[in-house]
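Since the model is a prediction, treat every value here as computed from it, not as a measurement. All residue numbers in this chain count up from 1 along the given sequence.
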Amino acid sequence: MHATVVLDEARRVPVTTPEGNTPADDVCSADAAGAHRARTTESAELHDTMARVANGDADAFAELYDRTSARVHGMVLRVLRDPGYAEETTQEVFLQAWRTASNFDPARGSVLSWLMTLAHRRAVDRVRSEQAGTDREALYETTNIAGPFDHVTEEVTRRLEHQSVLACLDSLTDTQRESVAMAYYDGRTYREVASQLGVALSTVKTRIRDGLTRLRGCLGGL
């Protein structure tokens, strides 16, 4: 067998190792083996945890969430690219996991891969849903000169000084009220509101749409 002489930097003396196998190789091999053992151990532990979740064990579900939520959230965020939507979708994934834990089949993969599959599907569905909503808004705006909810904003403007409008504004959430006020009372565009609040444009659109819907319902009942 051929051997290679390398220098032990700590003692400054030659060390003989088998040909093609250096101390660095040994370290990398040990690291890889250790990582593999860790993954195998985690997979077995998560399998046991999932079995308890399927039996309705809330503590087991909390353990599952603590051990996997960061990775699930990271994957969802890469798809959605919106922190708010990513947080909501991650919660939906784990709610689905809790409800359908009995459907998990270890023969088809690990618990983590199952969760990632659920997360990817949810994230893609959210993207499609948001895109469909954007397309509907664009179509509506191109076919209605007055624009969405103008009948509501006109009524709000006309009755701005009345106590009834103030009461209706109080029925909105803080984020809805802030977004509506900036867009319709300060005259800012949706994009300007999003920039001012430091949130995604889609988030601002959702807040304003939901806020105006509430205002319409409130004003209609007065």
Practice task
Could you list the residues that satisfy salt bridge (Lys or Arg N to Asp or Glu O under 4.0 Å) with Asp66, not counting sequence neighbours?
Solution key: none
Practice task
Please report the shortest heavy-atom distance between Gly211 and Leu172, naming the atom on each side.
Solution key: O-CD2, 3.4 Å
Review item, side-chain donor-acceptor pairs of residues 92-108, under 3.5 Å, at least two apart:
from: Gln96; atom 1: OE1; to: Arg122; atom 2: NE; distance (Å): 3.1
from: Thr100; atom 1: OG1; to: Gln96; atom 2: O; distance (Å): 2.6
from: Asp105; atom 1: OD1; to: Ala107; atom 2: N; distance (Å): 3.0

Handout entry: Flag if over 12 foreign heavy atoms under 6.0 Å of CZ, Arg71
Key = yes
Side-chain donor-acceptor distances from residues 80-90 under 3.5 Å, at least two apart:
from: Asp82; atom 1: OD1; to: Gly84; atom 2: N; distance (Å): 2.9
from: Asp82; atom 1: OD1; to: Tyr85; atom 2: N; distance (Å): 2.9
from: Tyr85; atom 1: OH; to: Glu130; atom 2: OE1; distance (Å): 3.3
from: Tyr85; atom 1: OH; to: Ser202; atom 2: O; distance (Å): 3.4
from: Tyr85; atom 1: OH; to: Thr206; atom 2: OG1; distance (Å): 3.3
from: Glu88; atom 1: OE1; to: Arg126; atom 2: NH1; distance (Å): 3.3
from: Glu88; atom 1: OE1; to: Arg126; atom 2: NH2; distance (Å): 2.9
from: Thr89; atom 1: OG1; to: Tyr85; atom 2: O; distance (Å): 2.8
from: Thr90; atom 1: OG1; to: Ala86; atom 2: O; distance (Å): 2.8

Practice task
Determine, step by step, whether Arg177 and Val180 satisfy the side chain to side chain contact (heavy atoms under 4.5 Å, CB included) criterion, reporting the C-alpha distance in whole Å, the side-chain angles of both residues, the deciding distance to 0.1 Å, and the verdict.
Solution key: CA-CA 5 Å; Arg177 184 165 54 252; Val180 169; 6.0 Å; no
Problem - Within-4.5 Å side-chain heavy-atom neighbours: Arg67 and Leu46 - result: yes
Practice task
Go through the steps to decide whether Glu63 and Asp59 satisfy the test side chain to side chain contact (heavy atoms under 4.5 Å, CB included), and finish with yes or no.
Solution key: CA-CA 6 Å; Glu63 178 185 342; Asp59 291 336; over 6 Å; no
Problem - Distance, nearest 0.5 Å, that separates CE of Met50 from CZ of Phe61 - result: 8.5 Å
Exercise for the section: Could you tell me whether the side chain of Ser113 and the main chain of Ser110 form a donor-acceptor pair under 3.5 Å? Expected result: yes
Handout entry: Contact check, side chains of Val199 and Arg207, non-hydrogen atoms, under 4.5 Å
Key = yes
Exercise for the section: Look at the side-chain heavy atoms of Ile, Leu, Val, Met, Phe, Trp and Tyr, link any pair under 4.5 Å apart, and say whether Leu118 and Met116 land in one connected group. Expected result: yes
Problem - side chain to side chain contact (heavy atoms under 4.5 Å, CB included) involving Ala60 - partner list, sequence neighbours excluded - result: Thr49, Arg52, Val53, Asp57
Exercise for the section: Take Leu197 and Glu178, measure what side chain to side chain contact (heavy atoms under 4.5 Å, CB included) needs, and give me the verdict at the end. Expected result: CA-CA 9 Å; Leu197 297 180; Glu178 181 179 39; 3.4 Å; yes
Problem - Those residues that, when tested against Thr40, pass side-chain hydrogen bond (donor to acceptor under 3.5 Å, both in side chains) (two or more places apart) - result: none
Handout entry: Gln91 and Tyr65, any side-chain heavy atoms less than 4.5 Å apart
Key = yes
Handout entry: Full working for side chain to side chain contact (heavy atoms under 4.5 Å, CB included) between Leu64 and Leu115
Key = CA-CA 10 Å; Leu64 177 70; Leu115 288 172; 4.1 Å; yes
Exercise for the section: Scan for ring-ring contact (aromatic ring centres under 6.0 Å, His included) pairs involving residues 194-216, sequence neighbours excluded, and state none if there are none. Expected result: none
Exercise for the section: List the atom of Ser179, the atom of Ile208, and the distance in Å for their closest heavy-atom pair. Expected result: CB-CG1, 3.7 Å
Fill in the blank from the handout: So NE2 of His120 and CE of Met75: to nearest 0.5 Å the spacing works out to 6.0 Å
